[in-house]
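Letters go in sequence order (proteins before strands), and every chain restarts at 1.
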Number of protein chains: 2
Amino acid sequence: MNWGKAMEKKTQKHGKSVVKMRDVAALANVSIATVSRYLNGNLDRMSADTADRVADAIDKLNYVPNSAARQMVKKSSGLVAVVAGNIDDFFSTEMFKGINAMLESKGYIGVLFDSNSDLDREKHLMQIVSNQYFDGAILQPYNTVQVIRETIKRPMPIVMADREIEQSPWPQVVTNNYEVARQATQYYKDKGFKRVIMITSSLSMAANRRDRYYGIQSVINNIDVLEVSEKSYNHKKVLEQLTTLINGSQEDTLIFALKERWLTEFIPRLFYMGLIDNDHVAVTGFSDTGTAQYIDAKTKLIAQNPYLIGASSGEIMLNMLEGKHRDPEKIVVPAKFG
Amino acid sequence: MNWGKAMEKKTQKHGKSVVKMRDVAALANVSIATVSRYLNGNLDRMSADTADRVADAIDKLNYVPNSAARQMVKKSSGLVAVVAGNIDDFFSTEMFKGINAMLESKGYIGVLFDSNSDLDREKHLMQIVSNQYFDGAILQPYNTVQVIRETIKRPMPIVMADREIEQSPWPQVVTNNYEVARQATQYYKDKGFKRVIMITSSLSMAANRRDRYYGIQSVINNIDVLEVSEKSYNHKKVLEQLTTLINGSQEDTLIFALKERWLTEFIPRLFYMGLIDNDHVAVTGFSDTGTAQYIDAKTKLIAQNPYLIGASSGEIMLNMLEGKHRDPEKIVVPAKFG
DNA sequence: CTGTTAGCGCGTTCAT
DNA sequence: ATGAACGCGCTAACAG
């Protein structure tokens, strides 16, 4: 029997490498403790010479530490899970960038999961996050507090981003949806607009959208709601509906898109068709990317600050990770109209 | 000295819970081996009764397995790292969705990292991916093969997505950038267009853009290139440049955007200004989200299929994970014009 | 400055 | 059908 290759232990499932700390130690003529110290930056606890030898050995053997083993004893992976609502949204991805900017300043790193606007999938992801070795989780969830509690069984630092929840047991970072919608609407009301056509996805889903609706309503309650399905819709039909709605009243009308996508997909055509004149018919809406601002120079929009929301969430997470326990406070990152 | 709380062992860095397999075993009156079997689905190796007792105990204690310990012995985490070029791009996020669709069918799960179009950051992320316990990595990299090799020291399955590289040691999944750009250009040439204004980010960055350029050039070589900075640019100035370029020639001109963003940000205005008539001045370009198709009914665009590219990458990864070693083949997922 | 050693929590033979 | 015991690779006392 050939024991040569057969005996070769594998440290990775894929690959031939076996090299572990003891190999490095052997080659460098030191104990594994010394190697460990070197790896963890305790260079003051060894002579420069040994350090060099260890470094050489590591390099020569192409040694890479086994993170699972390290995590098991350190009880930390340095990884923070971020579960976003839908990564196709600029809001989510930009928030993630903000989160990472903060986390990385302290050596942590965020990894992104995509719940794809699906309640069950989100729950599934939270389970995985709970089962894997993440030091914390930043959530932008659709599920309720109760479901989240039941799903994430392991005690771990949690921050809720972009979701306002009553009685949240975790800190949350949110936007002033109600206020800014109100402010924008007021601006147009002052200019004589008396009616709103609101374009939105299904209202039931997110509390955010509901807040925006209430914000508008608190100023102008003559609102026509046009619901468009996120998944699939007939572009032409929506345009017709919009046209009909616009022409259906003598009042000066404000078209209010709760999501940037509706702005970029429908509004340019309305401009082109001459239906929007900024005088009797104007447009506004939430616009995170800034793309929509180029539709027309006179259009004023609402810009959220997903990056800052992420950064704030990341900062709170860092505090929790470092044991400075914070209360489940609520931080409001205001959106801006103008 | 108070040994009460002080002696409490913690299994998580944050949280009071200590419950581990032996606790479950104790409560269920079985050995930890049995619990382990239960957890790993070896239900045929125990009586239904014991299984129930174990299940109860797990539930009662709210036990969650320590994934680090499990990974250490199983040499697998079930996690696949995806390093995307820029998650603000629909292409990247949609590709990620495609990847996950495949991976999840076999119980794996993809996690997303964002290199933010930054070479150094990408390298840093690859290091992390290499050091952490991921079963494989799907890369959409800007770095060269050599850098990647040096950075990811640990032998692990790797797939290159959306990046065409000569002599790649890893399988790759790409788009027919050259061909489809050529095809689109040909279409307009046949209609009498003799000149192209190409809008792009910096050409040097990605091979993809270069291929597109060559594709156009192979049909029409009268090309004016307008470079726009991804990070920041003056919208008004770009519009002026475009206007000047358009008016700078008597030839029928095709405006060709290498990226959807330039389509949605500049073209609607040009339409509105009457500069585009689809007759002497037409527009085309790469458009992944489909948003741009509503700019004008007559506009024909190029649609890539990031989801499918992701799915293919995921499938290849699965094969590699299951040991069916594939050659570093190249799969082409064609983009469509029309 | 450096080495020895006892765990970390779980999977897995090998017995029974 | 079930348990005892070893080992995965590394860190952190402790010892010297």
Tell me: [atom1] of [X] to [atom2] of [N], nearest whole Å?
| X | N | atom1 | atom2 | answer |
| --- | --- | --- | --- | --- |
| N42(A) | dT11(D) | CG | P | 10 Å |
| L39(B) | dC10(C) | CG | P | 8 Å |
| R154(B) | dG9(D) | CZ | C1' | 14 Å |
| N131(A) | dC10(C) | CG | P | 12 Å |
| R53(A) | dC1(C) | CZ | C1' | 12 Å |
| R22(A) | dC8(D) | CZ | P | 6 Å |
| Q71(B) | dC10(D) | CD | P | 14 Å |
| N66(A) | dC10(C) | CG | P | 16 Å |

Quick one: is [N] close enough that its OP1 or OP2 comes under 4.0 Å of any side-chain N or O from [X]?
| X | N | value |
| --- | --- | --- |
| R70(A) | dT11(D) | yes |
| T34(A) | dG3(C) | yes |
| T50(A) | dC1(C) | no |
| N40(A) | dT11(D) | yes |
| K74(B) | dG11(C) | no |

Given side chain to side chain donor-acceptor pair (under 3.5 Å), test T93(A) with D88(B) step by step and report yes or no. CA-CA 6 Å; T93(A) 55; D88(B) 277 347; 2.6 Å; yes

If you check the K75(B) side chain, which of dC8(C), dG11(C), dC8(D) turns out closest? dC8(D)

Choose from dG3(D), dA13(D), dC10(D) the nucleotide whose nearest atom is closest to any side-chain atom of V73(A). dC10(D)

Return whichever of R37(B) or Y63(B) has its heavy-atom-nearest nucleotide of DNA chain C closer to the 5' end.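 It is Y63(B), whose closest nucleotide lies nearer the 5' terminus.
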
For E104(A), is there an ion pair with R121(B) - N to carboxylate O distance below 4.0 angstrom? yes

Assess whether a salt bridge exists between K106(A) and E315(A), defined as any Lys/Arg side-chain N lying under 4.0 Å from an Asp/Glu carboxylate O. no

So what does [X] touch, heavy atoms closer than 4.0 Å: a base, only the sugar-phosphate, or nothing?
| X | result |
| --- | --- |
| M46(B) | sugar-phosphate |
| D44(B) | sugar-phosphate |
| S36(B) | base |
| N29(A) | sugar-phosphate |
| V35(A) | nothing |
| Y38(B) | nothing |

Between I32(B) and M72(A), name the one whose nearest nucleotide on DNA chain D is closer to the 5' end. I32(B)

Residue whose closest nucleotide on DNA chain D lies nearer the 5' end, A69(B) versus A51(B):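 So the residue in question is A51(B).
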
Is a side-chain donor-acceptor pair under 3.5 Å present for [Y] with [X]?
| X | Y | answer |
| --- | --- | --- |
| N131(A) | S67(B) | no |
| Q71(B) | Q71(A) | no |
| Q172(B) | E329(B) | no |

